Amino acid sequence: MLIVRVEGRPQDERVQRVLQHLHALRAPRPVLMEVDGTTALLVEADERRINPDALRRLPGVAYVGVSDKPYPLASRDAKPQSTTVEIGTLRVGGDAPPVVIAGPCSVETRSRMLAAAEAVKAAGAHLLRGGAYKPRTNPYSFQGLGEAGLQLLKEAGELVGLPTITEVVAPEDVELVAQYVDVLQIGARNMSNFRLLREVGRSRKPVLLKRGAAATVTEWLQAAEYLLAEGNERVILCERGVRSFETATRNMLDLAGAVLAKQLTHLPVLVDPSHATGIPDLIGPLSAAAVAAGIDGLIVEVHPSPAEAWSDGAQALTPDLFRQLMERVNAVAGAIGRPLGGAETDQRRVANLA
Ligand code: PEP
Ligand code: MN
């Protein structure tokens, strides 16, 4: 695969000129990825037919080279600098401070959703989570409230002033779910649902792509490639623990895999210490470790009353424990020069709302 990096956006003359040049050589139409004002063109062509030097001489062409990665657009061959994904005014990745996503596993009742939203906002979280379509291992477990859950999540997010994220489990639901939230989540069980990946790729919404519990780092990055190849460049990766021989923890947090993904790709990488461990007492220490390792953020399950939760209650943090986690994470983020900031201001904003 040939990668051509051009300064400018796809509609700019410089990019158009490269496209015309390739067309004249009868090269297949390239796949385009535009991020942060530069365009990467991926050409499935025999390099012998294309003279790289002629391409390099075209205005705006910053790089021409061959990518041997099975995920060329996600790799740093297509974009050496880290990508920052914008969610409204919130920035994820690049030089942005770590972001914290928090909220219940599932949207349950209105009062619980509002209580969770207020608690996580007051503690300084940046995004509100809550599942409305739950991919449960057991068919008799609570499957989520569906659209009614999306409405409650949206209402709670608006009330406390937080953008929202929820999981989408089926290609036919993407359009509806995208109307309610700011970020779509693709869960571990669906990382290899290629029709879902393509549909979310076409939606252009920011997306959090979790790593499958038995997926290699390469397979995870290839799943991200599906999203990028469809034109959605706002992809955030999330390591959530992998299956191992160990039964003492729910999964095994592959922090090495998460840091490796950050080195191999330009995309932001988050860590989910809740599903990775399943144990509230481990979530704070592993959050601190992930932030210390340069991870771009966390997604943590928080419930106003974990014992009563309809899903994943055993791993949910209480609002109190979440506040302690935020203090710890803030201290570590400050120590590595990426302070979270804003928690105090946010608390004042919530107080003003009440
Ligand atoms: C979740 O976030 O509640 C969830 C189901 O996560 P995962 O896909 O990582 O299991
Ligand atoms: Mn969960």
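A quick note: this is a predicted structure, and the numbers were derived from the prediction, not measured. Ligands are counted one by one from 1 in listed order, and the atoms in each one are counted from 1 as well.
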Could you pull out the closest heavy-atom pair between K205 and V181, with the gap in Å?
-> NZ-O, 2.5 Å

Which ligand 1 atoms, with their elements, are less than 4.0 angstrom from a heavy-atom of [X]?
{"X": "E301", "result": "1 (C), 3 (O)"}
{"X": "Q185", "result": "1 (C), 2 (O)"}
{"X": "R240", "result": "7 (P), 9 (O), 10 (O)"}
{"X": "G187", "result": "8 (O)"}
{"X": "C105", "result": "3 (O)"}

Angular separation of NE2 (H275) and SG (C105) seen from the Mn ion (ligand 2), to 10° =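 With the Mn ion (ligand 2) as the vertex, the angle is close to 180°.
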
Charged N to carboxylate O under 4.0 angstrom, R91 versus D296?
-> no

Could D36 and K79 be called an ion pair, given the rule that one side-chain N must be under 4.0 Å from one carboxylate O?
->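 Answer for the salt bridge query: yes.
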
So does Q16 have more than 12 non-hydrogen atoms from other groups sitting under 6.0 Å from CD?
-> yes

Would you say D312 has any N or O atom under 3.5 Å from an N or O of ligand 1, going by distance alone?
->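 No, no N or O pair falls under 3.5 Å.
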
Can you find a heavy atom in the side chain of [X] that is under 4.5 Å from one in the side chain of [Y]?
{"X": "H126", "Y": "I101", "result": "no"}
{"X": "K210", "Y": "W220", "result": "no"}
{"X": "T318", "Y": "P306", "result": "yes"}
{"X": "L55", "Y": "H21", "result": "yes"}

Closest protein heavy atom (residue, atom, distance) for [atom]:
{"atom": "atom 8 (O) of ligand 1", "value": "A188 N, 2.7 Å"}
{"atom": "atom 6 (O) of ligand 1", "value": "K210 NZ, 3.0 Å"}
{"atom": "atom 2 (O) of ligand 1", "value": "R129 NH1, 2.8 Å"}
{"atom": "atom 4 (C) of ligand 1", "value": "H275 NE2, 3.4 Å"}
{"atom": "atom 5 (C) of ligand 1", "value": "E167 OE1, 3.8 Å"}

E301: which N/O/S atom is nearest the Mn ion (ligand 2)?
->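 E301's closest N, O or S atom to the Mn ion (ligand 2) is named OE2.
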
N/O/S atom name from D312 that is nearest to the position of the Mn ion (ligand 2) = OD2

V177, L197: one ILVMFWY side-chain cluster at the under-4.5 Å cut-off?
->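 Yes: a chain of side-chain contacts under 4.5 Å links V177 to L197.
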
